[in-house]
There are 2 protein chains.
Amino acid sequence: MDQPKLSTRQKNILDFIQRFLADNGYPPTIREIGEAVDIASTSVVNYNLNKLVEYDLLERAPEVSRGLRLVNNQPTMPVSVSDPAFGLQVPLVGKIAASMPLPVAGEDFGYYYDADDMIEVPQHMIGSADSQDLFALRVTGDSMIDAMVAEGDIVILKRQEIANNGDMVAVWLTERGETTLKHYFHEGGRVRLQPANPTMEPIYVDADKVNVQGRVLAVMRTLH
Amino acid sequence: MDQPKLSTRQKNILDFIQRFLADNGYPPTIREIGEAVDIASTSVVNYNLNKLVEYDLLERAPEVSRGLRLVNNQPTMPVSVSDPAFGLQVPLVGKIAASMPLPVAGEDFGYYYDADDMIEVPQHMIGSADSQDLFALRVTGDSMIDAMVAEGDIVILKRQEIANNGDMVAVWLTERGETTLKHYFHEGGRVRLQPANPTMEPIYVDADKVNVQGRVLAVMRTLH
DNA sequence: CTTGACATCGAACATGGGTTCGGACTATAA
DNA sequence: TTATAGTCCGAACCCATGTTCGATGTCAAG
């Protein structure tokens with residue numbers, strides 16, 4: 001009973017739980033999940049949670065609020081930090097996966113800038129960008145594979161709403177309800193999102209359905 | 001407001017939360033704490049929890065069941081043993097492209113270790129590897145595209161002749177006369193070279209026609 | 001002795017949050 | 001067509017759980 005094809009919803013739920021856990025230290029409630037993944041009824045969330053339990057991807061404590069636990073849960077190994085003297089310290093603010101929006105700058109956002117969540121980035125990788133606007137995301141899932149970004153990669157982004165043609169950006173597609181990394185090309189009233197992998201076809205979206213969240217400055221991948 | 005003397009109760013509470021968290025993956029309720037630490041009234045537990053928050057040992061999410069989080073007390077791991085406390089300086093010894101062998105270690109090799117050819121790599125990307133054995137290559141051409149490595153990327157390698165199954169390695173294929181990056185699997189008398197991109201087929205080569213040049217530890221990509 | 005800060009207790013309150021159930025929709029098979 | 005399984009909705013139910021408050025006991029300061 002392992003790894004059957006998960007529905008998009010189930011993936012979203014799993015991703016959300018993971019992110020919520022990392023952000024808050026405790027699991028979300030059924031209703032919180034429902035709101036995040038855009039499910040109207042708590043029973044549907046419940047239904048899908050039980051599915052995930054069947055698939056051995058989740059454990060539940062019955063009758064217990066927030067009684068969720070991810071299996072294979074390695075406690076989000078904090079990226080080791082070193083001396084802030086050299087290289088820049090960039091906040092690792094979360095993960096990026098298909099169908100989940102990025103955390104947005106503002107309000108309580110700076111709250112999470114813990115030392116544990118800072119990651120060192122060599123100066124030469126980011127040029128002269130203002131370190132204030134930088135943040136890092138860890139990529140989960142292989143949804144970015146067509147952008148030459150693999151699971152586990154860390155992408156360094158500069159927070160900005162507008163992009164120039166050719167930029168690699170993280171965009172929120174309101175219609176599809178997902179975030180991806182793509183090369184950005186504004187063409188008339190619409191936007192062409194070009195995968196980095198030349199063998200794959202671009203996708204076209206109306207300009208007002210696209211929400212640029214940041215521009216990718218660098219990618220760091222660690223093997224093993 | 002730090003580290004005043006904690007009462008025995010408060011210590012017990014803290015200990016219990018920690019244990020409970022490790023056991024269950026989610027924090028305990030006030031009543032669960034009360035029972036464990038032998039406190040009769042929920043209000044007393046509540047009272048002491050707020051004390052712990054004052055002491056910066058705990059965080060609480062108001063109105064949230066199990067809304068507890070231990071503040072991260074444990075220092076983030078001893079890092080950077082080989083103390084250039086910042087990132088390591090790794091020699092950028094050349095480029096890698098299809099049909100070109102890598103420069104081999106030896107003789108006058110150290111000669112080229114010019115300051116200009118050193119590149120900074122964050123410690124966290126290479127773990128505990130001996131910096132002596134490290135070198136970096138810039139990728140040219142898109143021959144590595146099926147290994148999720150693009151033109152212009154910099155790969156950090158550890159010089160070694162033998163590889164373990166699953167390692168990503170730079171290999172020299174004597175027969176084909178080219179070097180590529182692939183995942184390495186020794187299977188009987190031959191070697192399976194598995195592209196990182198799961199949609200692509202592996203290639204098989206006789207073991208004695210394969211020459212491992214180094215193992216890839218990390219990949220760094222700079223956009224723009 | 002009186003006062004007040006501190007810790008505790010017990011009880012009541014309000015709502016947060018898991019559970020259940022009937023019904024509707026879709027898709028595939030018979 | 002009918003049947004069946006999978007998924008989703010909305011509403012109701014009700015216990016779990018955080019919050020609040022008045023009362024009690026303790027102890028050191030005045």
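These numbers were taken from a predicted model, which means no experiment stands behind them. The sequence lines fix the lettering, A, B, ..., with proteins before strands; numbering per chain opens at 1.
- Each of E63(B) and R9(B) lies near DNA chain C, and the nucleotide nearest R9(B) is the one positioned closer to the 5' end.
- Applying the salt bridge (charged side-chain N to carboxylate O under 4.0 Å, His left out) criterion to E63(B), with sequence neighbours excluded, gives no partner residue.
- S43(B) pairs by the side chain to side chain contact (heavy atoms under 4.5 Å, CB included) definition with S41(B), not counting sequence neighbours.
- Running 5' to 3' along DNA chain D, contacts with non-hydrogen atoms of chain A at under 4.0 Å begin and end at dG6(D) to dT17(D).
- Chain A approaches DNA chain C over the interval dG17(C) to dC21(C), counting the first and last nucleotide 5' to 3' with an atom under 4.0 Å from its heavy atoms.
- Among residues two or more places apart in sequence or in another chain, the side chain to side chain contact (heavy atoms under 4.5 Å, CB included) test is passed with A40(A) by none.
- The pair R221(B)-D153(B) counts as a salt bridge, with a side-chain nitrogen and a carboxylate oxygen less than 4.0 angstrom apart.
- With sequence neighbours excluded, no residue forms a salt bridge (charged side-chain N to carboxylate O under 4.0 Å, His left out) with E35(A).
- Distance CG/L173(B) to CD1/I203(B): 5.5 Å, rounded to 0.5 Å.
- Scored by the salt bridge (charged side-chain N to carboxylate O under 4.0 Å, His left out) test, R60(A) finds no partners at all (sequence neighbours excluded).
- With sequence neighbours excluded, no residue forms a ring-ring contact (aromatic ring centres under 6.0 Å, His included) with Y184(B).
- Note that R192(A) lies in the cation-pi zone of F185(A), set by a 6.0 Å cut-off to the ring centre and a 45° limit from the axis.
- One end of the helix from dC1(C)-dG30(D) to dA30(C)-dT1(D) points its axis 10° away from the other end's axis, with each axis taken from 5 pairs and the angle rounded to 10°.
- For DNA chain D, the neighbouring residues in residues 34-52 of chain B, judged by any heavy atom under 4.0 Å, are T42(B), S43(B), N46(B).
- Considering only residues two or more places apart in sequence or on other chains, Y204(A) meets the ring-ring contact (aromatic ring centres under 6.0 Å, His included) condition with none of them.
- Scored by the salt bridge (charged side-chain N to carboxylate O under 4.0 Å, His left out) test, D15(B) finds no partners at all (sequence neighbours excluded).
- With a 6.0 Å cutoff to the six-membered ring centre and a 45° limit on the axis angle, R159(A) counts as a cation-pi contact of F135(A).
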